Asks: 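Got a structure for you, written out below as structure tokens; questions coming shortly.
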Amino acid sequence: MWNEFYRCSTEMVLTKQGRRMFPYCRYWVSGMDPYQKYILAMDITPLDTHKYKWNGKWWEPGGKAEPHVLGRAFIHPESPSTGQYWMHQPVSFYKLKLTNNILDQEGHIILHSMHRYLPRLHVIPADKATETFTFPQTEFFAVTAYQNVQITQLKIDCNPFAKGFREGTMVGRPSKEGKPKSFAQVKDSPDSKKLEHDDPESTEKLKESLSLSEHSDADTENESFIAKQELKSLPNSQSTVLQNLLLKLNQLHR
DNA sequence: TCGGCTACCACATTTGAAAAGT
DNA sequence: AACTTTTCAAATGTGGTAGCCG
């Protein structure tokens with residue numbers, strides 16, 4: 001699903017009270033020590049130093065980026081848990097919320113509209129260095145209203161909460177002029193909805209596209225992306241903030 | 001003037017407590 | 001009495017849109 005969105009340049013809506021991501025990040029983790037305890041956390045980092053604008057067809061740089069708000073990370077609520085626990089099922093971050101409210105008190109991740117971002121997964125063992133992973137196809141443009149109608153249509157077609165806007169189900173709402181055909185119609189692909197919502201049956205499919213390690217060459221050829229591993233490559237300020245957060249969490253669980 | 005942002009809307013899904021069943 | 005299943009209303013998650021704002 002990420003790959004489909006990535007082709008159209010993914011957009012994520014920011015709201016004052018916080019908006020979930022769709023698609024959200026779900027990782028299949030392998031290679032952990034089954035008995036070691038780990039904390040899993042996500043944050044979102046700017047991809048460059050530009051502010052962007054949508055010219056009607058594509059995104060283009062249109063100014064200097066606002067300074068990124070540091071210190072916000074989403075710690076998976078099951079943290080800390082053993083490697084065995086994390087590895088026996090995909091790890092979902094569907095509760096993570098994005099906001100454009102600088103004064104946010106809810107702990108949501110603060111982003112700027114019309115900027116370009118990349119989510120990062122941090123795997124933090126109790127007594128070793130943090131490992132950070134990113135997936136190129138999960139990059140997105142933060143917006144307060146969708147710019148690209150193709151993205152809007154993809155969201156409507158794939159997100160169960162947006163079913164009310166699908167063709168035929170809309171009641172008493174004006175339809176947008178020149179609205180493109182639904183994604184399912186355009187693609188005419190029986191596989192296009194296999195990853196719909198949080199279906200546990202689709203975990204194997206996700207494992208294919210979002211595996212953290214041991215990728216085959218066939219995977220990479222087939223538009224899956226290998227996770228970029230950024231061992232200890234966090235900028236000092238960011239890694240310090242994250243470590244402080246995790247320290248607090250550790251103390252809470254003790 | 002205009003592009004971006006916000007509040008509010010209708011509809012769908014999720015949640016969880018109460019009711020009903022075993 | 002204890003536990004499981006069903007029901008259903010409230011809460012929450014969606015994109016659309018009108019109007020506000022800088």
Side-chain angles (χ1 to χ4, degrees), chain A residues 1-2 4-5 8-26 42 44 46 50-69 74 76-78 89-117 119 138 140-187 192-202:
Chain A
M1 191 184 289
W2 275 105
E4 299 293 345
F5 277 86
C8 306
S9 298
T10 311
E11 296 171 28
M12 296 291 173
V13 167
L14 310 176
T15 63
K16 198 172 174 179
Q17 70 273 26
R19 193 79 142 193
R20 286 188 184 178
M21 293 171 69
F22 188 87
Y24 56 85
C25 292
R26 190 162 67 162
M42 266 188 70
I44 295 175
H50 300 117
K51 188 173 183 173
Y52 284 82
K53 59 183 177 187
W54 175 252
N55 68 10
K57 286 173 183 162
W58 57 81
W59 287 93
E60 55 186 27
K64 194 169 168 257
E66 303 281 328
H68 183 54
V69 180
F74 180 89
H76 195 286
E78 313 282 337
Q89 69 206 341
V91 185
S92 291
F93 287 86
Y94 65 94
K95 281 189 175 170
L96 181 153
K97 283 186 175 182
L98 310 177
T99 182
N100 58 346
N101 180 16
I102 304 289
L103 304 173
D104 173 75
Q105 300 291 306
E106 308 297 315
H108 300 145
I109 292 184
I110 301 169
L111 302 179
H112 297 297
S113 185
M114 314 306 275
H115 286 57
R116 193 181 178 196
Y117 293 100
T138 61
F140 62 87
F141 291 91
V143 297
T144 53
Y146 289 122
Q147 307 293 305
N148 183 353
V149 292
Q150 282 183 288
I151 288 294
T152 310
Q153 201 55 53
L154 264 175
K155 298 245 182 183
I156 289 170
D157 288 341
C158 301
N159 193 333
F161 284 107
K163 267 188 182 168
F165 298 99
R166 288 180 193 170
E167 239 166 271
T169 47
M170 194 106 115
V171 182
R173 305 283 286 189
S175 63
K176 209 174 183 177
E177 198 105 27
K179 189 172 117 184
K181 277 185 178 177
S182 75
F183 174 63
Q185 288 171 301
V186 173
K187 289 291 293 173
S192 61
K193 293 196 175 187
K194 274 193 177 160
L195 298 181
E196 187 164 305
H197 203 229
D198 204 2
D199 177 12
E201 299 302 316
S202 65

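This one's a predicted model, so the numbers in the text were calculated from it and none came from an experiment.
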Asks: Rounding to a whole Å, what distance do you find between A:Arg20:CZ and C:dG15:P?
Replies: 12 Å

Asks: Let me spell it out: for each of A:Thr144 and A:Ala162, pick the nucleotide of DNA chain B with the closest heavy atom. Which residue's pick is nearer the 5' end?
Replies: A:Thr144

Asks: Please enumerate all residues that pass ring-ring contact (aromatic ring centres under 6.0 Å, His included) together with A:His115, with sequence neighbours excluded.
Replies: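 Expected list: A:His112.
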
Asks: List for me each residue that meets side-chain hydrogen bond (donor to acceptor under 3.5 Å, both in side chains) alongside A:Glu66, sequence neighbours excluded, and say none if there are none.
Replies: none

Asks: Taking any heavy-atom pair under 4.0 Å as a contact, classify A:Ser113: base, sugar-phosphate, or nothing.
Replies: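 Sugar-phosphate only.
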
Asks: Is the phosphate of C:dG13 approached by A:Lys163 (side-chain N or O, under 4.0 Å from OP1 or OP2)?
Replies: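 Checking C:dG13 against A:Lys163, no side-chain N or O comes under 4.0 Å of OP1 or OP2.
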
Asks: Can you list, in residue-number order, the parts of residues 50-58 of chain A that come under 4.0 Å of DNA chain C, counting heavy atoms only?
Replies: none

Asks: Would you please name every residue forming a side chain to side chain contact (heavy atoms under 4.5 Å, CB included) with A:Trp54, sequence neighbours left out?
Replies: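 Once residues adjacent in sequence are excluded, the partners of A:Trp54 under the side chain to side chain contact (heavy atoms under 4.5 Å, CB included) criterion are A:Trp59, A:Gln147, A:Asn148.
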
Asks: Between atom NZ in A:Lys16 and atom P in C:dG13, what is the gap in whole Å?
Replies: 18 Å

Asks: Just the rounded figure in Å: distance from P of C:dA11 to NZ of A:Lys95.
Replies: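 The answer, rounded to whole Å, is 17 Å.
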
Asks: For A:Arg19, does its backbone N or O pair with a side-chain atom of A:His108 as donor and acceptor, under 3.5 Å?
Replies: no

Asks: Tell me the interatomic distance from A:His115, atom NE2, to B:dC5, atom P, rounded to whole angstroms.
Replies: 10 Å

Asks: OP1 or OP2 of C:dT14 less than 4.0 angstrom from a side-chain nitrogen or oxygen of A:Lys155, does that happen here?
Replies: no

Asks: Return the value, rounded to whole Å, for the distance between atom CD1 of A:Ile156 and atom C1' of C:dT17.
Replies: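 Interatomic distance, CD1 of A:Ile156 to C1' of C:dT17: 13 Å.
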
Asks: Expected output is a numbered-order residue list: members of residues 102-110 of chain A with a heavy atom under 4.0 Å from any atom of DNA chain B. What is it?
Replies: none

Asks: What orientation do A:Phe93 and A:Phe74 show, parallel under 30°, tilted 30 to 60°, or perpendicular over 60°?
Replies: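 Answer is perpendicular, since the angle exceeds 60°.
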
Asks: Give a yes/no answer on whether the side chain of A:Gln147 brings an N or O atom under 4.0 Å of OP1 or OP2 in B:dG3.
Replies: no

Asks: So, is A:Asn100 close to the B:dG4 phosphate, meaning a side-chain N or O under 4.0 Å from OP1 or OP2?
Replies: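 The answer is no; no side-chain N or O of A:Asn100 sits under 4.0 Å from OP1 or OP2.
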
Asks: Donor-acceptor pair, A:Thr99 side chain versus A:Asn101 backbone, under 3.5 Å?
Replies: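 Checked: pair present.
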
Asks: Apply side-chain hydrogen bond (donor to acceptor under 3.5 Å, both in side chains) to A:Arg116 and list each qualifying residue two or more places apart in sequence or on a separate chain.
Replies: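 Expected list: A:Asp48, A:Tyr52, A:Glu139.
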
Asks: For the pair A:Glu60 (side chain) and A:Trp58 (backbone), establish whether a donor and an acceptor sit closer than 3.5 Å, ignoring hydrogens and angles.
Replies: no

Asks: Calculate the interatomic distance between A:Gln17 atom CD and C:dA11 atom C1'; express it in whole Å.
Replies: 14 Å

Asks: Whole angstrom is fine here: how far is it from OH in A:Tyr146 over to P in B:dC5?
Replies: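 Rounded to whole Å, this separation is 14 Å.
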
Asks: Could you state the CZ-C1' distance from A:Arg19 to B:dA7, rounded to the nearest angstrom?
Replies: 12 Å

Asks: Is a donor on one side and an acceptor on the other found under 3.5 Å between the side chain of A:Lys155 and the backbone of A:Ala162?
Replies: no

